[in-house]
Structure formats: structure tokens, C-alpha cells
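One structure is given here, and the rest of the page talks about it.
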Number of protein chains: 2
Amino acid sequence: MEKLRALGLKLTPQRLAILQYLDGNTEHPSADAIYKSLTRKYPTMSRATVYNTLETLTNRGHVRELAIEARKKRYDPNTKHHHHLICTACKKVVDVRSAVNVCLSPEEQRDFEIIGHRIEFYGLCQACKKKRINKTM
Amino acid sequence: MEKLRALGLKLTPQRLAILQYLDGNTEHPSADAIYKSLTRKYPTMSRATVYNTLETLTNRGHVRELAIEARKKRYDPNTKHHHHLICTACKKVVDVRSAVNVCLSPEEQRDFEIIGHRIEFYGLCQACKKKRINKTM
DNA sequence: CTGGCTGCAAATCTTTTGCATCCTG
DNA sequence: CAGGATGCAAAAGATTTGCAGCCAG
């Protein structure tokens, strides 16, 4: 509610619905999942609005885009630094709650059969730093 | 060359071209980049063949699909466990050569302005383990 | 000769874009 | 009332699918 206001964004029912849907959501939904879920309650809402809003929220740092599935972005309202467990079969994504020592807590190891993990560093390469490009992931 | 034979795959000029293109390639190309690069030398090659071949190679574990850009898959012929540096602006992906202590070598820190890193664990969730689904990433 | 592979085209899926209309501030 | 936001539809980009014909084993 005040989140939008604090960001200098107009407060529309659609945006409230999207924010409300994302708030506390740990499912890491895709844009389409959000749209499908909201379109029941708000039949008037369009995909473009969902995409626009998600882009805005991403740019303002209020959600994070996840590149987990090849074809679709998924969104994480938790922008605090944290890690994920990803099921390679169904693409379920769950948050890692413990601090990462590159080995997980017993509970998480019980719930997921870990095949491996990856560490991705991100940042700016020399060329882009010179060009002052500064796009977010 | 013998790689294909070893995998029980038919040895076609197209596949040889793709394998040859990928061999030692550290650019983490997309399917389309591979297609565009090969279509000059092999004007007859179709996208479907590139996609088919990449899928086959992925399933047999000879390349790895990378979910780095939301819209396209990228492919890594290096299937050994390793990490990546990803430029958030231009999406350049370079291999991390040093063992990861969750801090990088001085050279890599010089070449990339590190903004952050992420660690992704992957594996099978309870539900998928029961169903014996076993799709690769 | 046969099944796997290729190439074309059409279909699909996700996301983006253009644009007229609407409505918040 | 103005400019940002919405909704529709069409476009774009990457990938998948269907299918007829081809060719490696």
C-alpha cells in the first residue's frame, strides 16, 4: 500500500492486487502464474499490466527476476540476499533459510535430494563498466 | 567424432559441425547463435536440427543448458563442475577458473566488478522423487 | 531397408510493443 | 486536467512440433 506511494507510483487496484499477491509469497511465481491467479478475482486485468507492473517493481528493486526456467522469468518478492533449492524436474523453487556454508541444513537435505549446486557471480564486465551500462538482472 | 559414436548416435555432417563448434567453446552460446554461426558454412542446416541436436546432447550429458537469460537457453560444452561470472548488462558469461571459496581470484575481481553472487542448489523435491521423474536442468 | 535424422513450415509460449482510452493525483 | 496506467491486439523472439523425405548404419 504505502510501498507504492513510497516509490512514487500511482496506486491502482491492479497494482495493489499484484503487490498483495506477491506479499509473503514464496512460490516464486511466473508472470503468467500471477496473471492467471489474479484474473479470476479481477477479470479486467490484462497481461500487459502484469508485465508492466513486474518490470516496474523489478526496476525499483521491490522484486527480483529469477532466471531459472529457460523460457520464463520467475519473480521473488524477497529481495534479501538468499539462495534457492530448485527441483530440476518440476522447477519448484524453495528458499534456503539457513546461512549457506555450501552445505545445507539437515532438514533441507531431507526434503531435497541434492544433485549439485551452482554459484553464479554477477556484476559488470570491463566493457560494460566503461559504457556505464547498468541494467539489472 | 567418436563422441557421437560412443553415444550411439548417427554421425551426420550437421552434428559434426555442431560438436565441432562447441568443442572448447567458452562463449556459452545460445541455440540461435550456434545456428547463425553454422548457417554460413552449412547453408542447408535448419534451426530444428540445431535444437534437436542440442537437446540430444543435453540429455546425454555432453552439454549443459544454462538458464541465465530469461528468454533463451545457453549451452555450455564444459560439463565439469564449475562456476560462472555473468555480466548483468551484456549477459557475457565467463568461466570461473579458480576453486570457489566464495571469493574470487584477484584477476577475476579485476576483470569483473562483482555486484553479488548466488548459489543455486538443484536436485529433486520429495514429490518428484516419488514420481521418479528425472529430467535434467 | 529401416529407423533415426533433417529441413521446412506452422504452432506454441512468453514477453514486448503500439495505441487509444481511462483514471489517479 | 495531464501524464502515467490500463487493456486490447498484434508483433516479436525462442523454442517446439508435425510431417514428408533422406541417408547412415
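Within every chain, numbering begins at 1; the chains are lettered A, B, ... in the order of the sequence lines, protein sequences first and strands thereafter.
- Distances shown here put every side-chain N or O of A:Thr44 at or beyond 4.0 Å from the OP1 or OP2 atom of D:dT6.
- Between B:His81 and A:His117, the ring planes are perpendicular. Angles over 60° get that label, and only those under 30° would be called parallel.
- Within the structure, a side-chain polar atom (N or O) of A:Gln14 is placed less than 4.0 Å from OP1 or OP2 of D:dG7.
- Going from atom CG of B:Asp32 over to atom C1' of D:dT15 covers 10 Å, rounded to whole Å.
- Candidate nucleotides D:dC8, C:dG25, D:dA24 were compared by shortest atom distance to the side chain of B:Lys10, and D:dA24 ranks first.
- Here C:dC5 presents its P atom at 12 Å from CD1 of B:Ile18, a figure rounded to the nearest Å.
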*Step by step, would you call B:Ser46 with B:Thr49 a side chain to side chain donor-acceptor pair (under 3.5 Å)?*
CA-CA 5 Å; B:Ser46 81; B:Thr49 299; 3.3 Å; yes
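- Between D:dG7 and A:Thr49, a contact under 4.0 Å exists linking OP1 or OP2 to a side-chain N or O.
- Heavy-atom nearest nucleotides on DNA chain D were determined for B:Arg74 and for B:Pro13, and the one closer to the 5' end corresponds to B:Arg74.
- In this structure, B:Ala70 reaches neither bases nor backbone, as no heavy-atom distance under 4.0 Å exists between it and the strands shown.
- In the set D:dG7, D:dA24, C:dG7, D:dG7 carries the atom at the smallest distance from any side-chain atom of A:Ser46.
- Taking side-chain N and O atoms only, B:Arg15 has a distance below 4.0 Å to OP1 or OP2 of C:dC5.
- One N or O on the side chain of B:Thr58 and one on the backbone of B:Leu54 form a donor-acceptor pair closer than 3.5 Å.
- Between A:Lys73 and C:dC13 there is no side-chain N or O to OP1 or OP2 distance below 4.0 Å.
- The nucleotide whose nearest atom lies closest to any side-chain atom of B:Arg71 is, among D:dT6, D:dT15, D:dG13, D:dG13.
- Across A:Glu69, A:His28, A:Glu65, a single residue satisfies side chain to side chain donor-acceptor pair (under 3.5 Å) together with A:Arg74, and that is A:Glu69.
- Listed pair A:Lys72 / C:dT14 meets the phosphate criterion, a side-chain N or O lying under 4.0 Å from OP1 or OP2.
- Between A:Glu120 and A:Arg118, at least one side-chain nitrogen of the basic residue sits less than 4.0 Å from a carboxylate oxygen of the acidic one, meeting the salt-bridge criterion.
- Neither OP1 nor OP2 of C:dG4 sits under 4.0 Å from any side-chain N or O of B:Thr12.
- When distances run from any side-chain atom of A:Tyr51 to the nucleotides C:dG7, D:dG3, C:dT16, the shortest one goes to C:dT16.
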